[in-house]
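Worksheet: the structure to be examined is printed underneath.
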Amino acid sequence: MIKKDIIILGIESSCDDTSAAILKNEAILSNEIAGQKVHEAFGGVVPELASRAHQQNILPVVDTAIKNAKINIGDIDAIAFTRGPGLLGSLIVGTSFAKSLALGLNIPMMEVNHMHGHVLAHFIDDEGKIKPQFPFICLTVSGGHTQIVLVNDYLDMEVVGTTKDDAAGEAFDKTAKLLGLPYPGGPLIDKYAQLGNPDAFSFTAPNVTNFDFSFSGLKTNVLQFLQRNTKNDKDFIENNMNDICASLQQTIINILFDKLIKATRHFNINEVAISGGVSANSGLRKRLKEEGLKQGWTVHIPRFEYCTDNAAMIAIAGRYQYLSGNFAEQSVSPDARLKI
Ligand code: KG4
Ligand code: ZN
């Protein structure tokens, strides 16, 4: 018997991006993302505005994903949606939409943990890219999370290290704000850092046990550093933007890699992946490649579009739930603090 292709609609709405994707087996046919400019003026995501924008975006985004995948709505076998973690009001929009559509089409649905999605994005077909072998270690770095995840199988993963306070993405965004850069500042720090000297300034690294992280001290350290230097030179930031960004970025990357290296040695694992929005950072990607050669790791770096929030990763994570027969009930509700 010829096995039927499985077509999954993925829906992601955990923060400020509304996204829908169509996955056929392990290949992405479409991956649409509607961002929300409305938050820029506020220097961060405003939850109420985010859920309103999701409501406006969700239907056109799903519609476009179906059209661009060149399938009919009736071809969809199942719907995968993000149940959490994330902003409750945002999650409600994606969850309710998925539930209604699954009911209307009379097809099953799968609830996906957003963090599983980031990790499992590595299993999307991508020409020339080798998929990770189990077990592997994944450093998941995003705006809301910083985790070292021990991945034993598609649906069996364990967080072995996490942040005690701010996430790596917040470390980028909050320090960028101190430099007067708009939200989200991570990509801008990356841009300026490429032109600067990473050894120009030094910032303190935290002292945290095990494989855990802390970034709140860095923010205070940067604030005091800027106050000290702008006292006598009001143009200090402007004149040193590239060097400050390069030094900051290097500090964050060093903090992350210190623990990542420790974890790989402790668990004796040489398959290492990165994921999440911050894995789009050029310095982080370069360092992983360098460290891979040095430590003898096989490294896995996702395509840019699968680093930041997207529904393709939710669809692929949903596929493994589908294959295991883990379906969600219509009574499912979002969980803003859903754990891996
Ligand atoms: O995974 P993501 O899209 O959303 C969350 O689940 O949080 O991650 C967003 C985070 C933001 O903090 C953003 O500044 C950061 O990823 N980010 C970057 C870069 N691109 C996105 N940080 C540093 N360098 C980048 N190139
Ligand atoms: Zn994310």
Side-chain angles (χ1 to χ4, degrees), residues 10-19 21 31 33-36 39-40 43-45 47 50 54 81-87 90-91 94 112-122 138-147 149 162-163 166-179 181-196 198 213 215 218-219 245-253 255-256 273-288 301-314 316-317 336-338 340:
I11 294 177
E12 155 64 29
S13 72
S14 66
C15 191
D16 60 340
D17 290 310
T18 319
S19 180
N31 183 30
I33 303 175
Q36 303 180 357
H39 308 288
E40 271 173 19
V45 177
H54 281 305
F81 65 94
T82 307
R83 184 175 170 223
L87 300 170
S90 293
L91 292 165
V112 171
N113 182 309
H114 180 85
M115 303 312 291
H116 275 204
H118 275 303
V119 172
L120 296 175
H122 286 281
C138 188
L139 173 71
T140 309
V141 272
S142 72
H145 297 270
T146 304
Q147 298 178 333
V149 187
T162 188
T163 180
D166 287 350
E170 284 178 281
F172 273 103
D173 297 339
K174 288 182 178 177
T175 48
K177 199 171 174 182
L178 296 175
L179 296 172
L181 300 173
Y183 177 86
L188 291 168
I189 292 200
D190 188 354
K191 188 177 135 199
Y192 294 121
Q194 292 176 36
L195 307 168
F213 305 95
F215 288 102
L218 177 65
K219 193 184 56 195
C245 288
S247 305
L248 249 173
Q249 181 168 299
Q250 175 167 267
T251 307
I252 295 172
I253 293 172
I255 294 171
L256 293 170
I274 52 171
S275 67
V278 180
S279 65
N281 182 271
S282 61
L284 188 81
R285 295 165 89 88
K286 184 165 160 262
R287 176 74 181 272
L288 185 66
I301 301 174
R303 250 193 217 219
F304 278 112
E305 64 253 50
Y306 302 143
C307 288
T308 44
D309 289 349
N310 65 87
M313 69 184 199
I314 302 304
I316 191 95
R337 296 178 167 271
L338 190 66
I340 274 194

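For the single chain, residues carry numbers from 1 onward in sequence order. First listed ligand is number 1; within each ligand, the first listed atom is number 1. None of the values given here were measured: they were computed from a predicted structure.
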Protein residue, atom and distance nearest to atom 11 (C) of ligand 1, heavy-atom basis: D173 OD2, 3.4 Å
Can you list the atoms of ligand 1 that are under 4.0 Å from a heavy atom of [X]?
X    : value
D190 : 24 (N), 25 (C), 26 (N)
G169 : 12 (O)
G144 : 7 (O)
A280 : 20 (N), 26 (N)
H118 : 1 (O), 6 (O)
P184 : 14 (O)

Short question: side chain of D17, backbone of S19 - any donor-acceptor pair under 3.5 Å? no
Can any side-chain N or O of E170 pair as donor or acceptor with the backbone N or O of F172 at less than 3.5 Å? no
Looking only at distance, does [X] have an N or O less than 3.5 Å from an N or O of ligand 1?
X    : answer
S282 : no
G143 : yes
G277 : yes
N281 : yes
E170 : no

Counting only heavy atoms, which portion of T308 has something under 4.0 Å from ligand 1: side chain, backbone, both, or neither? both
Polar side chain donor-acceptor pair, H118 to T140, under 3.5 angstrom: no
Among the heavy atoms of H145, does any lie under 4.0 Å from an atom of ligand 1? no
Environment of the Zn ion (ligand 2) in terms of protein N/O/S atoms, cut-off under 2.8 Å: H114 NE2, H118 NE2, D309 OD1
